**Student:** 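Below is one structure. I have some questions about it.
Given the structure is predicted, the values throughout are model-derived calculations rather than measurements. Throughout, protein chains are lettered first and strands after them, A, B, ... in sequence-line order, and every chain is numbered starting at 1.
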Amino acid sequence: MTIAVFFGCSFIAFGPAFALFIFTIARDPLRVIILIAGAFFWLLSLLLSSLVWFIAMKASNDKDQQLQRGLLIFGVMFSVLLQEVFRFAYYKLLRKASDGLAALSEDERSHISVQQMAYVAGLGFGIMSGAFSMINILADSLGPGIVGIHGESQYFFLTSAFMTMAVTLLHTFWGVVFFDGCENRRWWVIAVVVALHLLVSGLTFLNPIYEGSLPPAYVILVSMAVWAFFSCGGSLQNIQQFLTCWKNDAGSEVAS
Amino acid sequence: MAENLANVLHEQLSEGFPDTHRNNSGEGADRRRVVEGADQELNGQPPSARPSQRLESEEDEDEELTLKYGAKHVIMLFVPVTLCMVVVVATIKSVSFYTQKDGQLIYTPFPEDTETVGQRALNSILNAAIMISVIIVMTLLLVVLYKYRCYKVIHGWLIISSLLLLFFFSFIYLGEVFKTYNVGMDYITLALIIWNFGVVGMICIHWKGPLHLQQAYLIMISALMALVFIKYLPEWTAWLILAVISVYDLVAVLCPKGPLRMLVETAQERNEPIFPALIYSSTMVWLVNMADTDAESRKKPPLNSTMPESQAAPSQSAQGPDDGGFTSDWELRQQETLGHMESSEETRRQVQEMPSARPPAIQSDDSEERGVKLGLGDFIFYSVLVGKASATASGDWNTTLACFVAILIGLCLTLLLLAIFKKALPALPISITFGLVFYFATDNLVRPFMDQLALHQFYI
């Protein structure tokens with residue numbers, strides 16, 4: 001457990017989120033506030049779900065391992081559902097705030113669109129979720145120890161880092177898609193997001209058989225990325241234009 | 001006194017808006033009217049009730065500006081608060097000196113390592129009671145001194161306090177850091193470093209200096225104070241004191257007979273700036289005597305106009321008695337630091353809560369000028385909460401992170417309330433309440449859950 005492991009894992013886990021923060025959120029104060037409030041909402045959902053799990057655990061038999069594992073699984077599922085409930089609550093809050101802002105501004109438009117808010121809120125959820133999953137592990141990786149000395153997997157840190165990155169980005173995309181579904185009253189979208197979240201969390205029950213949890217999570221990540229891109233107005237044409245414009249600009253620069 | 005000041009400082013959280021309200025010192029009446037107008041609208045009055053289109057658009061613009069800059073003000077406070085907390089947490093995690101039990105302050109005489117839980121609870125309640133009464137006494141003393149214009153005393157007290165903090169505490173801090181990293185340093189180099197650090201700090205804080213340097217110094221001294229508190233306050237006492245101070249803050253700031261309120265009103269009557277030095281300000285603050293306002297403004301505008309957004313000269317211009325009031329408060333705080341730690345913080349807090357005179361020197365209506373001010377006491381108590389969380393929580397980083405987010409959200413809500421109610425509000429209660437709730441909840445409920453999840457590598 002070396003510095004290399006620490007830095008490597010922290011960059012894997014938080015690199016994309018950090019980059020997204022720096023390039024898209026840090027400049028705009030309103031987005032920073034929405035991000036931190038999103039993190040707060042995720043924290044609230046975690047608090048409530050751990051309260052429920054704690055009560056259930058205390059009320060049950062401590063020694064029964066199977067029961068405890070079952071309770072933990074129940075805790076995870078309940079937490080996922082509660083997270084989505086709080087995501088919906090946050091959507092409602094942002095909608096109200098956005099309407100208020102729009103009403104007060106001159107041209108009846110809000111400074112920040114619902115899609116932007118969805119993205120920032122999703123990222124807030126993701127960053128907080130990733131931080132809570134990963135920070136303690138990272139702190140431990142700086143100290144002495146041998147990974148998997150009792151026969152567990154050697155790749156604990158790496159897989160945790162990759163899973164954290166996947167979960168962070170997934171939360172971002174889920175946020176975008178979820179808010180879009182709420183905006184357009186497409187309830188099946190919300191159901192699919194909840195189901196996918198449950199699926200990804202459920203797949204982690206297969207750990208340490210990482211083949212069962214990581215690749216599917218990444219497949220879902222890619223598909224969610226595509227879905228989110230198309231749901232907030234992206235299209236193949238946009239990508240094409242983006243690429244060709246870049247090429248054109250470069251060409252014209254050379255020419256002139 | 002300090003406490004009073006601190007409380008006032010809490011109120012001082014009124015950066016843009018309340019500032020203008022309580023800042024009768026140099027604010028142009030126009031600007032205040034404009035801001036108040038904007039604030040009025042912000043108060044939720046229906047847009048339909050607008051008299052004329054032009055007035056409407058002006059007011060809308062103001063409101064929009066207000067809201068836009070409201071978010072900006074929040075961020076202007078998020079950054080220094082975050083920095084202070086990061087410094088404190090980093091120190092707590094690396095320098096073991098601040099988590100060692102080396103005795104207690106004389107203000108918390110009852111020990112907490114007793115046999116029974118009941119005894120421990122009783123001792124901590126007594127400790128907190130003593131501390132709070134000391135703070136209240138100091139606050140009242142400050143108000144009395146200020147009322148009877150004993151500026152020299154206040155001034156002297158503040159100077160001694162800052163001297164102590166900038167030289168002695170930073171010397172100890174540096175010593176402990178060197179011990180932690182096993183760095184050898186000779187006394188001559190150390191003396192040079194501490195001397196320079198201290199003198200530049202005194203100049204920046206009490207007189208003039210580049211804004212960022214002043215802000216950095218204020219953050220550093222807040223962090224140092226918070227570290228001292230974290231070291232010398234036993235656990236239960238610390239949490240109790242945090243809770244009681246929030247309540248006291250609420251009472252002192254909002255009650256009509258509250259000491260802080262009296263202080264603010266006295267300062268307003270006399271049209272003087274109150275202890276600007278103990279306030280963290282994000283734009284330049286001119287500590288200007290009312291009488292000298294025009295002279296100062298005329299002197300300073302060139303700097304200001306060239307760098308409208310950046311901060312040319314910072315605040316503290318000791319202009320005789322006013323400055324004295326300010327620095328003395330800080331001194332008071334320092335004194336208290338020596339013996340009465342909480343008091344000093346209180347003082348600082350209160351001082352910080354004092355509205356400082358915002359000079360109208362820059363005549364533009366640019367909201368950039370409307371900086372944000374937060375009392376140093378607020379910084380200190382936020383950092384104490386997060387530092388204690390990182391020092392004592394067994395959930396380690398999760399608890400620290402949760403408290404951090406909770407405090408930031410509390411600050412955000414406080415600023416929102418400030419924008420809505422437009423009167424002086426204490427900055428501690430909401431943040432500290434959230435922080436305490438999240439600390440205990442995360443430490444006791446979330447930690448076991450997350451530990452189990454991490455153990456099995458389940459992800460939620």
Side-chain angles (χ1 to χ4, degrees), chain A residues 28-33 36-37 39-40 42-44 46-51 53-55 57 68-69 72-73 75-77 79-80 83 100-101 103-106 111 128-129 131-139 153 156 159-160 163-164 166-167 197 200-201 203-205 207-208 210 213 217, chain B residues 41-42 44 46-48 56-57 59-61 63-76 78-79 82 93 395-402 404-406 408-413 415-416 434 437-438 441-442 444-460:
Chain A
D28 188 352
L30 198 55
R31 290 184 198 173
V32 174
I33 295 174
I36 301 210
F40 181 71
W42 186 89
L43 202 57
L44 276 178
L46 179 67
L47 214 72
L48 287 178
S49 52
S50 42
L51 175 68
W53 173 82
F54 191 78
I55 294 174
M57 188 195 68
Q68 292 302 318
R69 190 184 161 89
L72 197 61
I73 292 180
V76 168
M77 295 287 127
S79 176
V80 167
Q83 281 177 47
L101 276 175
L104 290 168
S105 77
E106 243 175 29
H111 291 291
M128 204 59 183
S129 168
F132 260 65
S133 309
M134 196 65 192
I135 293 265
N136 272 338
I137 297 175
L138 283 177
S153 164
F156 183 79
T159 51
S160 295
M163 196 65 201
T164 304
V167 164
H197 195 170
V200 171
S201 285
L203 282 172
T204 62
F205 297 152
N207 282 336
Y210 297 121
S213 65
Chain B
E41 280 225 337
L42 188 57
S48 51
E56 246 177 62
S57 60
E59 284 174 348
D60 280 346
E61 223 173 75
E63 229 174 290
E64 194 174 299
L65 273 177
T66 302
L67 290 174
K68 217 193 286 185
Y69 289 106
K72 200 168 188 167
H73 291 170
V74 172
I75 300 303
M76 284 202 268
F78 271 12
V79 174
T82 308
K93 288 290 183 190
D396 262 359
W397 293 97
N398 282 349
T399 317
T400 311
L401 200 56
F404 168 71
V405 171
L408 286 187
I409 292 293
L411 191 60
C412 201
L413 282 175
L415 287 171
L416 187 69
F434 275 10
V437 164
F438 273 81
T442 311
N444 297 312
L445 298 175
V446 176
R447 183 185 46 88
F449 188 46
M450 293 308 291
D451 278 349
Q452 285 296 309
L453 290 181
L455 190 65
H456 294 104
Q457 260 188 319
F458 291 170
Y459 277 80
I460 55 171

**Student:** Under a 4.5 Å cutoff for heavy-atom pairs, which residue among A:L72, A:I135, A:I55 has the most contacts with chain B?
**Tutor:**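 When all of A:L72, A:I135, A:I55 are compared, A:L72 has the most.
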**Student:** Please report the closest heavy-atom contact between B:Y459 and A:S133, naming both atoms and the distance.
**Tutor:**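 Nearest heavy atoms, B:Y459 then A:S133: CE2-CB, 3.7 Å.
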**Student:** I need the residue from B:V405, B:I409, B:I75 with the largest number of non-hydrogen atom pairs under 4.5 Å to chain A.
**Tutor:**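 Answer, by heavy-atom pair count under 4.5 Å with chain A: B:I409.
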**Student:** Measuring only between side-chain heavy atoms, which start at C-beta, is A:R69 closer than 4.5 Å to B:H456?
**Tutor:**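 A:R69 vs B:H456: side chains touch.
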**Student:** How close do B:P448 and A:F54 get, heavy atom to heavy atom, and via which atoms?
**Tutor:** CG-CE1, 4.1 Å
**Student:** Identify the heavy atoms of A:S49 and B:F449 that sit nearest to each other, and give their distance.
**Tutor:**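 It is OG-CE2, 4.5 Å.
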**Student:** Report which part of A:S129 has an atom under 4.5 Å of a heavy atom belonging to chain B: side chain, backbone, both, or neither.
**Tutor:** side chain
**Student:** Which atoms of A:S79 come close to chain B, meaning under 4.5 Å heavy atom to heavy atom: side chain ones, backbone ones, both, or neither?
**Tutor:**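 Side chain only.
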**Student:** Using non-hydrogen atoms and a 4.5 Å limit, figure out which bit of A:S213 sits close to chain B: side chain, backbone, both or neither.
**Tutor:** neither
**Student:** With a 4.5 angstrom heavy-atom cut-off, could you sort out which part of A:Q68 is near chain B: side chain, backbone, both or neither?
**Tutor:**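 Interface part for A:Q68: neither.
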**Student:** For B:A454 and A:F156, which heavy atoms make the closest approach, and how far apart are they?
**Tutor:** O-CZ, 3.6 Å
**Student:** Please test B:M450 against A:L46 for side chain to side chain contact (heavy atoms under 4.5 Å, CB included), starting from the C-alpha separation and ending with a verdict.
**Tutor:** CA-CA 10 Å; B:M450 293 308 291; A:L46 179 67; 4.0 Å; yes
**Student:** If I measure from the heavy atoms of chain B, does A:M128 come under 4.5 Å with its side chain, its backbone, both, or neither?
**Tutor:** side chain
**Student:** Which bit of B:I460 is near chain A, if near means a heavy-atom gap under 4.5 Å: side chain, backbone, both or neither?
**Tutor:**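 Both backbone and side chain.
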**Student:** Taking all non-hydrogen atoms of both residues, which atom of A:F132 and which atom of B:T442 are closest, and how far apart?
**Tutor:**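 Closest heavy-atom pair between A:F132 and B:T442: CE2-CG2, 4.4 Å.
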**Student:** Does the side chain to side chain contact (heavy atoms under 4.5 Å, CB included) test come out yes or no for B:C412 and A:I36, once each step is laid out?
**Tutor:** CA-CA 10 Å; B:C412 201; A:I36 301 210; over 6 Å; no
**Student:** Heavy-atom distance under 4.5 Å to chain B: side chain of A:V167, backbone, both or neither?
**Tutor:** side chain
**Student:** Would B:F458 and A:F205 count as a close aromatic pair, with their ring centres under 6.0 Å?
**Tutor:**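 For B:F458 and A:F205, the ring centres are under 6.0 Å apart.
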**Student:** Between the side chains of A:T204 and B:Q457, does any donor sit under 3.5 Å from an acceptor?
**Tutor:** no
**Student:** Heavy atoms only: give me the nearest B:A71-A:P29 pair and the separation to one decimal.
**Tutor:** O-CB, 3.5 Å
**Student:** Go through A:L47, A:V32, A:L44 and name the one with the most non-hydrogen pairs under 4.5 angstrom from chain B.
**Tutor:** A:L47
